[in-house]
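Heads up, the thing below is written out as structure tokens.
Start at 1 and go down the list; that is how both ligands and their atoms are numbered.
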Amino acid sequence: QTGSAPNHPSDSEDDEYITNVSIGTPAQVLPLDFDTGSSDLWVFSSETPSSSARGHTIYTPSKSSTSKKVSGASWSITYGDNSSSSGDVYTDTVTIGGFSVTGQAVESATKVSTQFVQDTSNSGLVGLALDSGNTVKPTKQKTWFSNASSHLAQPVFTADLNHQADGSYNFGFIDTTLASGPITYVPISTGNGFWEFTSASYAIGGGSSKKHSTDGIADTGTTLLLLDDTIVDAYYNQVESAQYDDSQEGYTFDCSEDLPSFSFAVGSSTITVPGSLINFAPVDGNTCFGGLQSDDGIGISIFGDVAIKAALVVFDLGNKRLGWAQK
Ligand SMILES: CC(C)C[C@H](NC(=O)C[C@H](O)[C@H](CC1CCCCC1)NC(=O)CC[C@H](O)[C@H](Cc1ccccc1)NC(=O)OC(C)(C)C)C(=O)O
């Protein structure tokens, strides 16, 4: 069995990628942000204060004949950008791309932070990181993919994200026609609960490859490519008008610049992010914000959407490995 669901950018900047998900019986369809950087499936619901839920599609468990409350269960999550949400837990049937999981933990938000209230492009998240990151207490819940994997043709899913265009999340199969190059696999380390791997080198534009070990995660829920300062500084040294803009908290440059590409090693191959994807978005007038920024020394780097857009990424739970293929 397999599943295939389209995704689309949430806005003109590709800030997030949204996929419609069916929850309950009869189906309640919510636009959700698939996040390989966290492990909770949570939604705006009939339990979210109506002032906070305005503009969002909500899940109403009482209208679903297959919903069940998980008594005594609660959840609370804070993300890297300091947004947060919390609430209680139901189980219900959750269908993604035609594949249904029964008894999926659906975390209902009784509180959401301002950022979620204002971001009406999504009505919640589908966490697709490893089960260990789930925040439900007293009993951790499994992700949708974890529950699905034993019934899928293969215990894998792929992310195909595109700049200002539709893409797909495929479950149980790998559509290699989505890629232009071969898939190179690297092992993941599972200790932190992420799809975490090591990249041994990088190159800027047509430059020589520089040895630099990057410990990073493949994260569809992070917009940008966030790497060590040494790499980021070296990149923007090649961009004539680039400067670090304190107010924007990142490197900006003249929008008309022809940015160099950025390549990172995946095993013995490399993935090249075209300069056009690093010219991320205008901030004002003729100044643009970079899609490659610092990981702020948080101890881990993040291969977010700017990197994933350049590739077909295979999340292979069965073999505990990550596959990258140039697109
Ligand atoms: C709780 C843990 C188990 C897991 C947890 N994981 C993460 O924080 C990473 C995870 O991928 C989270 C998931 C995101 C949380 C906020 C909503 C959207 C999803 N990523 C994050 O926390 C990283 C935040 C994103 O990068 C934001 C997303 C965004 C975009 C537009 C508007 C609002 C928010 N982009 C964003 O800020 O883009 C700019 C810089 C261009 C404005 C952690 O590491 O703490």
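Using a 4.0 Å cut-off between heavy atoms, Asp219 contacts ligand 1 through its side chain alone, with no backbone atom that close.
Nearest-heavy-atom check against atom 6 (N) of ligand 1 across Ala281, Ser84, Gly37 picks out Gly37. Between the choices Thr223, Thr78, Asn122, Thr220, the shortest heavy-atom distance to atom 28 (C) of ligand 1 belongs to Thr223. Between Phe116, Phe280, Phe194, Phe34, it is Phe116 that holds the heavy atom closest to atom 17 (C) of ligand 1.
Summary of contacts: the protein heavy atom closest to atom 33 (C) of ligand 1 is Gln115 NE2, 3.2 Å. Of all protein heavy atoms, the one lying nearest to atom 32 (C) of ligand 1 is Glu16 OE2, 3.6 Å. Nearest protein neighbour of atom 13 (C) of ligand 1, counting heavy atoms only, is Asp35 OD2, 3.3 Å. In this structure, atom 41 (C) of ligand 1 lies nearest to the protein heavy atom Asp15 OD1, 3.5 Å. Counting only heavy atoms of the protein, atom 14 (C) of ligand 1 lies nearest to Gly221 O, 3.5 Å. Among all non-hydrogen protein atoms, the one lying nearest atom 21 (C) of ligand 1 is Thr222 OG1, 3.8 Å.
With respect to Lys309, the side-chain hydrogen bond (donor to acceptor under 3.5 Å, both in side chains) criterion is satisfied by exactly one of Asn162, Asp14, Asp160: Asp14.
Under the 4.0 Å distance rule, the nearest protein heavy atom to atom 37 (O) of ligand 1 falls outside the cut-off. Within a 4.0 Å radius of atom 2 (C) of ligand 1, the protein contributes no heavy atom.
Side-chain contact between Tyr169 and Thr158: absent, with no pair of heavy atoms (C-beta onward) separated by less than 4.5 Å. Phe34 has its side chain within reach of Ile96: a pair of non-hydrogen atoms, C-beta onward, lies under 4.5 Å apart.
The main-chain N or O of Gln293 is never found under 3.5 Å from a side-chain atom of Tyr235 such that the two would form a donor-acceptor pair.
The closest approach between any non-hydrogen atom of Ser39 and ligand 1 is not below 4.0 Å.
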